Each structure stands twice: as structure tokens, then as C-alpha cells.
Amino acid sequence: MKPYYITTAIDYTNAAPHIGHAYEKVLADVMARFQRKNGREVYFLTGVDQHGQKVQKSAEKAGLSPQEFVDGITEHFTALWEKLNVRYDGWAATTDDRHKRVVQAILQRLHDAGQLYKKSHKGFYSVRQEQFLTDKERGPDGTFAEEWGEVVELEEENWYFRLSDHVDWLKAFIQSHPSFIFPANRAKDVLNALEGSGQDLCISRPIERLSWGIPLPFDPRFVNYVWFDALTNYISFAGYLAEDCGNDLMPEFSRIWPADAHVIGKDILVPPHAVYWPIMLHALGFTDAQIPQLVVHGWWNVKGAKMSKSLGNVINPDALADTFTPDGLRYYLMRDIATGQDSDFSDERLIMSYNKELAGGLGNLLNRSLNMAHKYRGGTLAATGYDDAENAALRQTVAEALPAYISAMNGWAIHDGIAAAWKIVTHANAFVDSTKPFSLAKDPAQSARLDSVLYHLAEALTHVAVLLSPIMPEAMAKARDQLGWEMPAGFHFSDLSWGLLADGHQLGSPQPLFPRLEIETPMA
RNA sequence: GGCAGAGUAGCUCAGGGGUAGAGCAGAGGACUCAUAAGCCUUUGGUCGGGAGUUCAAAUCUCCCCUCUGCCA
């Protein structure tokens with residue numbers, strides 16, 4: 001089977017990462033880990049978009065070279081992914097020479113195929129913002145606002161990509177491929193945008209205006225501008241043209257393409273990912289079957305408002321991971337949003353999800369189960385042949401959780417996947433109260449039953465510690481450690497069946513998995 | 001103005017033709033293995049409004065209202 005190839009958007013290295021960056025990478029990481037446990041070979045690519053005007057300006061302001069500036073910001077991202085246990089297989093940095101070679105090769109091919117042309121554009125240009133202005137930027141009185149500074153009329157030559165040649169193909173493709181965009185209803189936005197847009201795409205900037213970019217191989221007075229640099233990371237780091245470009249350490253492109261999921265935010269669906277990208281691939285000769293799939297996630301708002309620097313409500317994932325542990329944050333980010341929808345970020349709910357669910361629900365269940373097993377049996381499990389309806393009911397809950405979990409996760413409904421696994425936690429907590437192992441321990445006649453209860457708890461918890469491992473890799477590894485069960489190499493969800501723990505299994509010592517946090521005041 | 005999403009319990013949200021669901025918050029209770037955790041019971045909603053289709057509508061259709069986003 002083809003490896004599961006998943007990517008995220010590459011982040012622009014102009015400022016430090018916020019919670020939205022973290023959400024997207026964790027989402028992709030969870031899916032990558034899920035697919036691995038589900039038996040697929042996985043290639044997970046993420047990275048940073050490092051070229052462009054803003055970086056060039058910010059670097060100048062900071063008195064650094066663009067590369068130095070970009071390297072500094074990039075470290076913020078890689079350090080955060082390290083901290084949040086985002087484990088990628090490929091790192092797409094657009095200043096990587098291997099990437100630059102592929103971009104140039106692509107541009108040369110399109111140039112040779114007549115897909116690029118040079119054209120002169122005359123218009124109003126903002127010196128301060130270094131960009132051409134359109135009528136959109138005009139105020140109601142027809143003048144340009146103060147923020148644009150000095151506006152001059154300017155004529156400039158640039159290279160264009162014949163986007164309009166492929167619009168009809170794209171419309172037909174979208175209509176005949178409903179799985180191209182998840183969630184499917186977003187396809188209407190794209191078709192909407194395609195109506196009446198016969199514009200070609202400007203892909204260059206004169207080198208005097210922008211030097212921090214990839215030079216056009218056929219016209220070195222220009223540097224590539226944005227999309228042929230940024231979007232192409234999905235193929236350049238997947239091994240596209242690797243041989244022609246002399247790129248080593250790349251995946252075998254024909255094996256892993258097309259991508260099973262380009263995980264992106266809804267802000268960059270139209271036009272870049274749903275219009276430019278498929279058309280770029282189509283122009284390069286990719287067939288319909290080689291067009292990747294897009295997974296569009298929503299945004300975390302803060303108290304109903306968009307997160308923005310000017311509102312001062314930017315959430316810092318690094319600090320949250322310190323307070324709630326990386327897995328506590330990952331859990332919240334996955335359980336409190338439906339993939340594709342927006343959600344409201346809330347301190348109260350983050351604290352609740354950690355203290356009530358992770359600490360009080362799952363963590364306490366592990367702790368009380370192990371504690372009793374140690375207190376009554378020295379931590380050794382025994383198979384006794386005792387069984388009853390209560391035991392059978394718990395086994396059934398465990399058995400039913402797996403298919404529900406897998407189906408939810410495959411459909412990107414991570415919150416439903418968590419809920420499916422959580423049914424085991426809820427049932428097991430109730431199971432303790434109904435079977436009362438602490439009472440059974442006082443009655444020697446109930447010895448066999450006590451053993452069966454302790455076994456059922458430990459076994460059920462082992463299943464939970466596998467199912468939730470894509471969401472909380474570190475904490476679930478600790479849980480398995482406490483359970484004394486090491487997941488065999490190459491263990492897959494399909495290997496989950498009752499009886500992972502053997503007769504005579506020795507449990508580890510209990511230690512609070514998610515220590516309860518005393519937080520009174522919600523943090524800002 | 002067009003398109004999309006949302007409008008369901010005090011709060012956050014799930015569900016999506018067949019007696020209204022979860023978590024949190026509130027109330028009461030029993031228990032004690034445990035991270036002052038967990039368990040049981042319970043209060044609480046004419047599912048934005050109106051009309052229609054149907055034996056049956058929160059769910060489908062149409063109209064309208066409010067919020068959000070994108071586009072013009």
C-alpha cells in the first residue's frame with residue numbers, strides 16, 4: 001500500500017508561532033501517528049516558508065542578514081514542535097538548496113512549455129508597503145489611505161503564469177472529485193471564486209525590489225514571488241525531480257505521491273491551495289489521479305473574536321505546554337474542536353479538560369486501579385477463570401471502542417475518536433464502584449472475583465493507553481510503563497484484542513499521570 | 001448584494017426523519033481503592049421565527065431574523 005503522505009502549511013518565519021500554528025501541526029501529527037498505528041507507512045512533512053518581502057524588511061530592521069533572521073525565527077518553530085512532540089519525517093525549509101533547485105527546474109519546464117510570459121503592468125504603487133495597489137485599497141473618496149504612505153504611478157515588467165488556461169479543467173475536476181476538499185462544503189467557495197476570474201498569476205518581482213527569493217532561471221533580473229516557492233515544497237521535499245536536481249535523502253516520489261492530506265487553515269484554501277496549487281500541478285503534467293487532497297481546519301477564536309496581535313489576545317502555546325504539559329495541551333486542542341469548524345479557546349475549558357478529564361477521569365482511574373492491585377495482590381495479575389456479566393460488559397465496551405475510534409479518526413473527527421476511547425474510561429470508573437474491589441479484598445471467598453476485577457481494569461487501561469497514544473504520546477507511554485506493558489514494535493490497532501496482559505503479569509508502580517493543577521485565576 | 005458556516009439545557013457544544021443528548025456548572029445521596037478524584041440520582045430546552053412535505057420534522061423544502069467569515 002502507498003505510504004500515507006501528510007503535510008501541513010509551512011509557516012511564515014516573520015514572527016513566533018501562536019496557538020493556531022500549534023493546532024495545525026498537532027492535528028497533522030495526531031493523524032500521522034494514528035495512520036502509523038493503523039498499519040500505514042507514513043511520511044509527515046512540515047516546515048517553514050522563509051523567503052519574501054516581509055522577511056527581507058524585518059531582517060533589515062533587526063540589522064541581520066535575511067538568512068540569519070530566518071534561522072532565528074525558525075528555531076522558535078522547531079523548538080515548539082520538539083516540545084509538543086510533533087514528530088515529522090521531512091522538514092521543508094524553503095531556503096534549502098534542494099528545494100531551490102526543484103523550484104527552478106519547475107519554472108524552467110513551465111517556461112519551456114510556454115506557460116509563462118512577461119508582461120508590463122502600470123499602476124499605483126505604495127513605496128512604504130512595496131506593493132501595487134488596486135481599487136480595493138481606495139477609500140470611498142477615491143484616494144489611498146494614510147497607511148499606504150506615498151503612492152506613485154509606476155510601470156513594471158513581471159512574469160506571469162497562464163492560470164486562466166486551466167480554470168475550466170479545475171472547475172470540472174472539483175465537480176467530479178468531491179473528496180478533493182474536506183470538509184466537502186468548502187468546495188463551493190472555490191467554485192464561487194473561479195466564476196469570472198480570468199486573471200493570470202504574477203509570479204515574479206524585479207530583483208531591485210525583492211532580492212530575498214529564488215531567481216528565475218531564464219531571467220535572473222527577477223526573483224520568484226511566493227507561490228511557486230511555497231506550495232512546491234509539497235513535491236520538492238517529497239522527491240519530485242530529485243534525480244534531475246541531484247537531490248539526495250529524499251523519499252521516492254512515485255511511491256508517496258499524491259499527498260493524502262495537505263492540512264491547511266481555511267484562510268489559505270482560496271485561492272492558493274484550491275486554485276493555484278492544483279493548476280500548477282496540472283500544468284506540470286500531473287494527472288487527475290495525482291492531485292492531492294486538502295484537509296481544511298478552522299480557527300481558534302478567543303472569546304468570539306479573531307486572534308490578532310492588535311487585540312493583544314494571541315495565545316502562546318509554549319507557555320500553555322509548560323502549565324498543562326504538552327500532552328495536556330494536545331488533548332485540549334484535539335477534544336474541543338470539530339475538525340473543519342472554528343472553536344473558542346477558553347482557559348476555563350482547558351483547565352476543566354485537564355483537571356476533570358485527564359486528572360480526575362483517566363489519571364485517577366489508572367492510579368486507583370494500580371494502587372488496589374498493589375495493595376491486594378502485590379501488583380501481580382492472575383487469571384482465575386471467574387467471570388460474570390459485569391466483566392463481560394466492560395470487555396464489550398472495550399471491544400466496541402476500537403471500530404468506533406478508527407472510523408472517527410479516519411474521517412478526521414478526532415474529538416469523536418477521543419470520545420469513543422473515553423467510553424472505556426467512563427465505564428471502568430463505574431466498574432470500580434459497582435464491583436467494589438476494596439470490599440472484595442476483605443472477603444477471602446471473593447478472591448477469584450477480585451483477581452478478575454483487577455485484571456479487567458488493567459487490561460482495559462492498556463487498551464486506552466494504545467488508543468489515545470496518537471493524541472497523547474508521552475503520557476500514554478508513561479501509562480503503559482506504569483501498567484508494565486511494553487507495546488511491541490510494529491504493534492497496530494488491529495492487534496488490539498482482549499488479553500494483552502498475561503496471567504502473572506507484573507504491574508508497575510502507580511504515579512499520578514496528570515497531577516491535578518491548582519489554578520484559580522484563568523490565565524490570560 | 002452573493003456564497004458558506006453557525007443559531008439545541010445557565011455555559012461550551014455534539015447529533016441530524018421515529019419518545020430531546022454529552023461535558024461543565026447547580027441540587028441531593030451512597031461509598032472510600034484513588035490525584036478533596038470516582039459513582040448514583042436529579043433540576044434544566046416549545047432544538048432562532050414562520051409556513052410546507054410526511055403517519056412522524058431539531059432533522060427535509062421554502063421564506064424570514066441574528067451572528068461570523070469569505071467574496072463583490
Side-chain angles (χ1 to χ4, degrees), chain A residues 134-136 181 183-197 199 265-272 274-275 296-308 328 331-332 335-377 379 390 408 413-420 422-423 425-442 450 453-454 457-458 461 475 479 482 509-518 522:
Chain A
T134 65
D135 288 345
K136 266 197 284 185
I181 301 172
N185 56 40
R186 296 232 174 246
K188 284 190 184 164
D189 285 346
V190 183
L191 290 171
N192 222 16
L194 288 173
E195 285 309 320
S197 80
Q199 293 264 316
K266 60 180 185 175
D267 52 322
I268 51 171
L269 176 66
V270 183
V275 180
V296 186
H297 64 73
W299 284 353
W300 286 93
N301 298 317
V302 179
K303 298 196 167 55
K306 214 190 277 190
M307 187 167 42
S308 76
Y331 175 76
Y332 171 74
R335 64 89 68 199
D336 227 31
I337 193 169
T339 310
Q341 310 246 357
D342 289 354
S343 186
D344 233 39
F345 183 88
S346 148
D347 308 310
E348 289 86 348
R349 289 185 62 75
L350 175 54
I351 294 168
M352 183 282 290
S353 76
Y354 183 93
N355 272 346
K356 294 292 293 185
E357 297 178 357
L358 293 180
L362 175 56
N364 184 53
L365 172 66
L366 177 68
N367 199 243
R368 69 200 299 214
S369 301
L370 292 179
N371 190 65
M372 288 187 286
H374 276 277
K375 203 173 257 186
Y376 310 139
R377 289 292 187 263
E390 277 178 289
I414 315 294
H415 65 298
D416 285 339
I418 292 173
W422 212 264
K423 284 191 175 172
V425 176
T426 305
H427 190 153
N429 263 323
F431 180 79
V432 174
D433 284 80
S434 67
T435 58
K436 296 182 174 49
F438 38 87
S439 300
L440 299 177
K442 290 172 187 157
L450 174 61
V453 166
L454 295 174
L457 286 171
L461 274 161
Q482 291 186 34
S509 339
Q511 263 186 0
L513 191 60
F514 302 101
R516 196 186 155 77
L517 296 171
E518 297 303 332

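Each chain gets a letter, A, B and so on, in the order its sequence line appears, and its residues count up from 1. Note that the structure is a prediction, hence the values are computed from the model and not measured.
If you check residues 431-440 of chain A against RNA chain B, the residues with a heavy atom closer than 4.0 Å are A:Val432, A:Asp433, A:Phe438, listed by number.
For B:G29 and B:G52, the P atoms lie 50 Å apart once the distance is rounded to whole Å. When the C1' atom is used for both B:C67 and B:G48, the distance is 11 Å, rounded to whole Å. Remark: the separation of the P atoms in B:C65 and B:G50 is 15 Å, to the nearest Å. Spacing between B:G16 and B:C60 at atom P, rounded to whole Å, works out to 10 Å. Here the separation of B:C55 from B:G23, taken at their C1' atoms, is 36 Å to the nearest Å. Rounded to whole Å, the separation between the C1' atoms of B:G38 and B:G45 comes to 29 Å. When the C1' atom is used for both B:A56 and B:A36, the distance is 49 Å, rounded to whole Å.
Within 4.0 Å (heavy atoms only), A:Asn367 reaches at least one base atom of the nucleic acid. A:Tyr376 comes within contact range of the sugar-phosphate backbone alone, with a heavy-atom separation under 4.0 Å but no base atom that close. Among the heavy atoms of the strands, none lies under 4.0 Å from A:Lys266. Nucleic acid contact for A:Leu513: base, since at least one base atom lies under 4.0 Å from a heavy atom of the residue.
Heavy atoms only, all atoms of each residue included: A:Val270 and A:Ala193 are closest at CG1-CB, 3.5 Å. Listed here is the closest heavy atom pair of A:Leu370 and A:Pro510: CB-CB, 3.7 Å. Across all non-hydrogen atoms, the minimal contact from A:Ala274 to A:Val190 is CB-CG2, 3.5 Å. Considering all non-hydrogen atoms of both residues, A:Leu513 and A:Ala475 come closest at CD1-O, 3.5 Å. Summarising the geometry of A:Glu390 relative to A:Ser434, their closest heavy-atom pair is OE2-OG, 2.7 Å, with the distance given to 0.1 Å.
If you take CG of A:Asp416 and P of B:G15, they are 7 Å apart, rounded to a whole angstrom. Rounded to an integer number of Å, the gap from A:Leu269 CG to B:C71 P is 12 Å. Rounded to a whole Å, the CG atom of A:Asp347 is 14 Å from the P atom of B:U12. A:Phe345 places its CZ atom 14 Å from the P atom of B:C13, with the value rounded to the nearest Å. Distance A:Leu191 CG to B:C70 C1': 15 Å, rounded to the nearest Å. Separating the CG atom of A:Asp344 from the C1' atom of B:G69 is a distance of 14 Å, rounded to the nearest angstrom. The distance between atom CZ of A:Arg368 and atom P of B:A34, rounded to the nearest whole Å, is 10 Å. Note: CG (A:Leu461) to C1' (B:A34) measures 13 Å, nearest angstrom.
Where A:Lys442 and A:Asp336 meet RNA chain B, the nucleotide closest to each residue was compared, and A:Asp336 sits on the side nearer the 5' end.
Taking the side chain as every heavy atom from C-beta outward, A:Met372 and A:Val432 approach each other to under 4.5 Å. At a threshold of 4.5 Å between non-hydrogen side-chain atoms, the residues A:Asn355 and A:Leu517 count as touching.
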Show the distances under 3.5 angstrom between N or O atoms of the protein and N or O atoms of nucleotides 21-27 of chain B.
none

Review item, nucleotides 40-42 of chain B N/O atoms under 3.5 Å of protein N/O:
none

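Between A:Ile337 atom CD1 and A:Asp342 atom CG the span is 6.5 Å, to the nearest 0.5 Å. Annotation: the span from A:Leu440 atom CG to A:Leu454 atom CG amounts to 8.5 Å, rounded to 0.5 Å.
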Could you run down nucleotides 2-8 of chain B 5' to 3' and tag each one B, S or - for protein heavy-atom contact under 4.0 Å? -SSS---

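With sequence neighbours left out, the side-chain contact (heavy atoms from CB on, under 4.5 Å) criterion links A:Lys436 to A:Phe438, A:Ser439. Partners of A:Gln341 under the side-chain contact (heavy atoms from CB on, under 4.5 Å) rule, at least two apart in sequence or in another chain, are A:Ala338. Take A:Asp433 and apply the salt bridge (charged side-chain N to carboxylate O under 4.0 Å, His left out) test, not counting sequence neighbours, and it matches A:Arg368. For the side-chain contact (heavy atoms from CB on, under 4.5 Å) test, residues two or more places apart in sequence or in another chain that qualify with A:Ala458 are A:Leu381, A:Leu483, A:Leu501, A:Leu507. A:Tyr332 pairs by the ring-ring contact (aromatic ring centres under 6.0 Å, His included) definition with A:Trp300, A:Phe345, not counting sequence neighbours. Remark: A:Thr339 engages no residue in a side-chain hydrogen bond (donor to acceptor under 3.5 Å, both in side chains) (not counting sequence neighbours). For the salt bridge (charged side-chain N to carboxylate O under 4.0 Å, His left out) test, residues two or more places apart in sequence or in another chain that qualify with A:Asp336 are A:Arg349.
Of the listed nucleotides (B:C13, B:A34, B:C33), B:A34 has the atom at the smallest distance from the side chain of A:Asn364.
Heavy atoms of other residues, nucleotides or ligands lying less than 6.0 angstrom from NZ of A:Lys266 number more than 12.
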Expected output check: what is the dot-bracket annotation of RNA chain B, where ( ) and [ ] are pairs inside the strand (brackets for crossing ones), | is paired with another strand, and pairs are Watson-Crick or G-U under 3.5 Å? ((((((((.[[[[.)..(..]]]].((((.........)))).....[[[[[..)....]]]]]))))))).

